[in-house]
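In what follows, a single structure is set out as structure tokens and then discussed.
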Protein chains: 4
Amino acid sequence: MKKSEKTNSIEQKAIKRAQILEAAVKAFSRHGYHSCTMNRVAKEAGVADGTLYLYVKGKEDLLVTAFSHVLGLLMERLDKEIKKLDNPVSKLRRLMELHFEVMENDPDLAGFLQFQLRQPDPAIRAAIRTPLVQYANRIEAIVEEGKEKGTFRKSIGTRAMRRVIFGSMDETVSAWWFRQDGNELMKKVAPLMEVILHGLLINDDKSRKSEH
Amino acid sequence: MKKSEKTNSIEQKAIKRAQILEAAVKAFSRHGYHSCTMNRVAKEAGVADGTLYLYVKGKEDLLVTAFSHVLGLLMERLDKEIKKLDNPVSKLRRLMELHFEVMENDPDLAGFLQFQLRQPDPAIRAAIRTPLVQYANRIEAIVEEGKEKGTFRKSIGTRAMRRVIFGSMDETVSAWWFRQDGNELMKKVAPLMEVILHGLLINDDKSRKSEH
Amino acid sequence: MKKSEKTNSIEQKAIKRAQILEAAVKAFSRHGYHSCTMNRVAKEAGVADGTLYLYVKGKEDLLVTAFSHVLGLLMERLDKEIKKLDNPVSKLRRLMELHFEVMENDPDLAGFLQFQLRQPDPAIRAAIRTPLVQYANRIEAIVEEGKEKGTFRKSIGTRAMRRVIFGSMDETVSAWWFRQDGNELMKKVAPLMEVILHGLLINDDKSRKSEH
Amino acid sequence: MKKSEKTNSIEQKAIKRAQILEAAVKAFSRHGYHSCTMNRVAKEAGVADGTLYLYVKGKEDLLVTAFSHVLGLLMERLDKEIKKLDNPVSKLRRLMELHFEVMENDPDLAGFLQFQLRQPDPAIRAAIRTPLVQYANRIEAIVEEGKEKGTFRKSIGTRAMRRVIFGSMDETVSAWWFRQDGNELMKKVAPLMEVILHGLLINDDKSRKSEH
DNA sequence: TATGAATGAGTGTTCATTCAT
DNA sequence: AATGAATGAACACTCATTCAT
């Protein structure tokens, strides 16, 4: 049963890897990346200090690898869910719901993504950039689709729209995380969509394109 | 002339204090809060290491104090400028222009506010919260005024509006800072205002209140 | 054919043992004893880390055992060659030639013997002492023979003579190894013998026993 | 008294520096360079760990700096003593006496010079090379002088002579240090000089230049 | 016998903070 | 008030060794 053994061993390794990366998310979130020692992560994962280095190159790599791991899981789910929908507004709402749902269900993950990841270190930012861009692309794809289908206004740049969307979600999650007041995050979807879709103004005459 | 001497001495002290706080902004921005040593701040300020501790309690306090200092200057200016204007849309645009202008003119300050300040350490975040709330209040005051005057829609919570506004600006500045592509930040004001005021949708019928 | 199998197995083991010891000499020489990891030795020998511990007790034991192994080979050859010769001067020259030849033909071995072995750790030095003394005995035996045959002066202690002989060779090999300037080591035999046999002085009157 | 204060401070610093370097010699000698922790050196010097780094760049630099320090002291004394003498044989004997005397009076220093310094690390060897060459030059200068004055034989290279001289002394000190049998090192001067000056052979006819 | 994943003790170095001057 | 030399706690990472397979 060599093959079965080998398969098992590979599975074991993948499981331990996930164990470590998820322990890192939790530990970094609770103590803060810089204040969190590798020893704490190891304890959280239930392995020895040295074992961490069999799976990642170092502390920085652990942060980045853990990020790719969890964002990968999120995007896999996102793609599957969004594929089912047919109009950009629904897609945008679903993206936002999913984003908030994930955060709400795992505050450690939320803390990790909102704060621990925002490291000023250029090396870290560069490493994080790639998966982050993929997420931004998901948003921009919806915006583009909306423009093509005539749902969203073509006069505004896709980038600007993406920034408003992502910036709003991001700020909302951050504010929610700090208050930690029960699980109300999902309730923010509707008002946020309201503002993003229709804007602040009453009796808005879109033919004007601008208020002056 | 005891009094004059004393006044002079107090002024001297205030000047050195500002010197130190601005040196901290610059040094933290360039090297990153955690990687920046107190010695570097001291050198930047032109004082000895120990002298810093005559003005702040420690490194963390230096970060927070420096933040209050620069945000105080910004808000002082903001209040003066906004007082002149009479409608909420102009006020909102002016706030955004000012925000972007300050960032654009002082990239060190921008890096400090956008990244160095976002420390995951709970103690730091708590300390930073107070001055930050004051800034949020400026935005919410404009939103409230807009609602009262019938310019902004009452159906959306002030908080949600504020989050979209601040989140959009914040995300825009962050993205700009990273690209560091010349001084184009001011050009983002119009498209951002466009989205925020009118929303993403074309032919928006505001009587519907929502897209479904 | 149990016996043949067993013999074969024993031979196999001896071969692997030699493999490991020679890999250790090479690896220690190239990376330095302290900087060389057991993993590197294992790789060099083509076995797994754990396998090393089936042949030696630990890293220190590996160093000492490897030394005994290579010095044993050298002395075996030395004895055979010297047996053929009949006068102490020839024997001394042959010893020196052999010493230099071995070093020259295997720079890894030379580096190992000249530097990696000179560990300050008392335990290591003590362990190395035994085989080293055997080599010293070869030199002293030649000196003694020379004294008995009336070739060398009896007035000087055998130990002192041995120290001059061994110290000179050792210093010469070290200097050569550092310069690594082609294979000129054999050319040092003649001048070295010249000094050792006749001394530095011109017109030496041996009846004086000393220069004053 | 500004000047006096400053002078005093500089003196203090030089004293502490010497304290640290001499503590390093002692600590490295007793525990072995690699096994000796910086903490041990600090304790030996009576300072905190961090203080060491105010005087040297790191552990490796400490080794090299300590070596330069002690060899500098030795050579200063050597030059002064040798200047008084007029013939190369006396100079050679004085050099050897001094070498042995210094080692004998400070076994820690001897252990440091004989073993701790012989690190295989190329960086260390390169750093140590410069002061070591200076010492070699002292020996070669005496040899050259001896050749010019017609005392030493011109037919043998200066380098070869130096290697015999230095190698013999080195080997003698090493052997002595291991036995640690009282303070007999000085007694080795005469027999060593005997061999080096007159060679091993009885009835040596220098006109032959070689034994065959 | 052989493997190699897992272990965890051990250490050079940094740097915020203090305090004698 | 100002200095800056001294402090010493804290930590990421390595690697010899073990042991279940």
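A, B, ... follow the sequence lines: proteins, then strands. Residue 1 opens every chain. Remember, it's a predicted structure, so these values are computed and weren't measured experimentally.
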Check residues 18-29 of chain B and write down every donor-acceptor pair under 3.5 Å in which the side-chain atom is one partner and the other belongs to a residue at least two apart or another chain.
from, atom 1, to, atom 2, distance (Å)
B/E22, OE2, B/H69, NE2, 3.1
B/S29, OG, B/D108, O, 2.8

Check: If every non-hydrogen atom of D/C36 is compared with every non-hydrogen atom of D/K59, which pair is closest and at what distance?
Finding: O-NZ, 2.9 Å

Using a 3.5 Å cut-off and no angle test, enumerate the donor-acceptor pairs between side-chain atoms of residues 110-118 of chain C and protein atoms at least two apart in sequence or in another chain.
from, atom 1, to, atom 2, distance (Å)
C/Q114, NE2, C/D170, O, 3.3
C/Q114, NE2, C/D170, OD1, 3.1
C/Q114, NE2, C/S174, OG, 3.0
C/Q116, OE1, C/Y33, N, 2.6
C/R118, NE, C/L113, O, 3.1
C/R118, NE, C/Q114, O, 3.3
C/R118, NH1, C/D170, OD2, 3.0
C/R118, NH2, C/L113, O, 3.4
C/R118, NH2, C/D170, OD1, 2.8

Next item on the list: May I ask you to check whether over 12 heavy atoms, not counting those of B/R17, lie within 6.0 Å of atom CZ?
Entry: no

Next item on the list: Would you please test B/L62 and B/K57 for side-chain contact (heavy atoms from CB on, under 4.5 Å) and show each step?
Entry: CA-CA 7 Å; B/L62 179 56; B/K57 280 202 282 284; over 6 Å; no

Notebook entry, point to check: Of all of residues 52-64 of chain B, which get a heavy atom below 4.0 angstrom from DNA chain E, listed by number?
Noted result: B/Y53, B/G58, B/K59

Notebook entry, point to check: Has D/K13 got its NZ or CZ under 6.0 Å from the middle of the six-membered ring of D/Y55, at an angle within 45 degrees of the ring axis?
Noted result: yes

Checklist line | Intermediate values then yes/no, side-chain contact (heavy atoms from CB on, under 4.5 Å), D/R40 and D/T37 | finding: CA-CA 5 Å; D/R40 251 199 263 253; D/T37 65; 3.6 Å; yes

Check: Looking only at heavy atoms, which two atoms of D/E60 and D/A123 are closest? And how far apart?
Finding: OE2-CB, 3.4 Å

Next item on the list: Would you mind reading off the distance between B/K16 atom NZ and F/dA1 atom P, rounded to a whole angstrom?
Entry: 10 Å

Margin query: Tell me the interatomic distance from B/D49, atom CG, to F/dA6, atom P, rounded to whole angstroms.
Written below: 14 Å

Next item on the list: Tell me which residues in residues 21-36 of chain A put a heavy atom below 4.0 Å from DNA chain E, sorted by number, or none.
Entry: none

Check: Of the non-hydrogen atoms in A/H34 and B/H34, which two are nearest, and what is the gap between them?
Finding: ND1-ND1, 3.1 Å

Next item on the list: Start with the C-alpha gap between B/D49 and B/K43, add the side-chain angles, then the distance that decides, and say whether side-chain contact (heavy atoms from CB on, under 4.5 Å) holds.
Entry: CA-CA 8 Å; B/D49 294 22; B/K43 261 184 192 155; over 6 Å; no

Check: Under a 4.0 Å heavy-atom cut-off, which of residues 37-47 of chain C touch DNA chain F?
Finding: C/T37, C/M38

Margin query: Given 3.5 Å as the limit, does a donor-acceptor pair link the side chain of D/K16 with the main chain of D/A45, or not?
Written below: no

Next item on the list: Locate the shortest heavy-atom distance separating A/M38 from A/G58; write the atom from each residue and the value.
Entry: CE-C, 4.1 Å

Next item on the list: May I ask you to decide if B/V47's main-chain N or O and B/T51's side chain share a donor-acceptor pair within less than 3.5 Å?
Entry: no

Checklist line | Which residue lies more 5' along DNA chain F, comparing A/T51 with B/G50 via nearest heavy atoms | finding: B/G50

Notebook entry, point to check: What's the CD-P distance between C/Q19 and E/dT1, to the nearest Å?
Noted result: 16 Å

Note to self: What does the 5'-to-3' dot-bracket notation of DNA chain F look like when only Watson-Crick and G-U wobble pairs under 3.5 Å count, and pairs to other strands show as |?
What the structure shows: .||||||||||||||||||||

